[in-house]
2 protein chains.
Amino acid sequence: MRIGELAQRCGTTTRALRYYESLGLLTARRSANGQREYDESDLRLVAQIRSLTDIGFALEDTRPFVECLRTGHASGDACPASVAVYRRKLAELEEFIGRLTAARDRVRAQLDDAERRSRPCKR
Amino acid sequence: MRIGELAQRCGTTTRALRYYESLGLLTARRSANGQREYDESDLRLVAQIRSLTDIGFALEDTRPFVECLRTGHASGDACPASVAVYRRKLAELEEFIGRLTAARDRVRAQLDDAERRSRPCKR
DNA sequence: CTCCACGTTGACGTGGACGTCAAGTCCAGG
DNA sequence: CCTGGACTTGACGTCCACGTCAACGTGGAG
């Protein structure tokens, strides 16, 4: 398939796919007229990238998973490098969630406060 | 006080303060030599901005709070516009935390999965 | 006087993940 | 043959909150 179809089937854009290629995350053989040709394995690869970036992974963080798929593994997280990224990201997520939760609690407290001040007699 | 002192007392930089001014969040009268002069009310104003951005507010979101302080209110969240921003931000935070939590759970599951596959016999 | 810290403005850089042109090629349908 | 759509490369734009640099003015200490 060509780049437009791949983009559509992966729910992304041709621009993004070319960008991935510029990063070396994606490679494509060229048909006679110079157009990129992709197959199902590329689709799985892009799907892997998207599923990770959707979770908040940076594109660079998806590289180990992509490499892992390239070396023939059935899933991108079968390699130790990928698992290491999982661990790191998990820790990052934990910390981020913690900070956001604290922030939320503060905002909620401020909001309650502000409401109490604005209508101290209601109920 | 001048901009350097204000920056230091607010835990930020002169560059940031000038940036706030360029956005209209902060205004300063000028002394004879053209240097910005601030007082304690400016300090409270910047402190308000910082406390909000630290929580994850965008600078634009701090504007209602700043306006509120400017109109003489004791606290920046005494005005309805500020409270509205609180509400919106709270909702955004909730949703974001939800998404991240889901992502974390997925990553954790993937990680467990990957580890089970890589050493299926260990314990 | 010099020196140094501080201030001024304006312009450009950063990072991340693309969007958005521009200007051309290639192919199928009518 | 023409038109339209999909494709190509390359370069520049976007967002946000500043950082960094240049080139200069100002005020006080020694």
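The interatomic distance linking A/Glu37 (CD) with C/dC26 (P) rounds to 16 Å, in whole Å. As rounded to whole Å, 13 Å separates atom C1' of C/dA28 from atom CG of A/Asn33. Rounded to whole Å, atom P of C/dA17 lies 17 Å from atom CD of A/Glu21. Regarding B/Gln8, its CD atom lies at a distance of 12 Å from the C1' atom of C/dC6, rounded to whole Å. Across the protein-nucleic acid pair, B/Gln35 atom CD and D/dG25 atom P stand 14 Å apart, rounded to whole Å. Remark: C1' of C/dA17 and CG of A/Leu26 are 15 Å apart, rounded to the nearest angstrom. To the nearest angstrom, P of D/dC16 lies 12 Å from CZ of B/Arg63. What separates CZ of B/Arg2 from P of D/dG27 is a distance of 10 Å, to the nearest Å.
No side-chain donor from either of A/Tyr38 and A/Arg9 sits under 3.5 Å from a side-chain acceptor of the other. In summary, the side chains of B/Arg36 and B/Ser31 do not present any donor paired with an acceptor at a separation below 3.5 Å, with no hydrogens or angles considered. Using modelled atom types, one finds no donor on one side chain facing an acceptor on the other under 3.5 Å when comparing B/Arg50 with B/Thr62.
A distance-only check finds no donor-acceptor pair linking the side chain of A/Arg104 to the backbone of B/Ile97 [under 3.5 Å].
The side chain of B/Arg30 sits closest to C/dT8 out of C/dC18, C/dT8, D/dC18.
Taking only side-chain nitrogens and oxygens, A/Tyr20 comes nearer than 4.0 Å to OP1 or OP2 of C/dC18. Listed pair B/Thr14 / C/dC6 fails the phosphate criterion, with no side-chain N or O lying under 4.0 Å from OP1 or OP2.
A/Thr53 comes within 4.0 angstrom of no nucleic acid atom, judged by non-hydrogen atoms across all strands. Across all strands, A/Arg18 comes closer than 4.0 Å to base atoms (heavy-atom distances).
With a 6.0 Å radius and a threshold of 12 heavy atoms from other residues, nucleotides or ligands, A/Arg30 has its CZ atom above the threshold.
With hydrogens and angles ignored, a donor-acceptor pair under 3.5 angstrom links the side chain of A/Arg15 to the base of C/dG19. Remark: the B/Arg36 side chain and the C/dT8 base include no donor-acceptor N/O pair separated by less than 3.5 Å.
Both A/Tyr19 and B/Glu5 lie close to DNA chain C; mapped to their nearest nucleotides by heavy-atom distance, the more 5′-ward contact belongs to B/Glu5.
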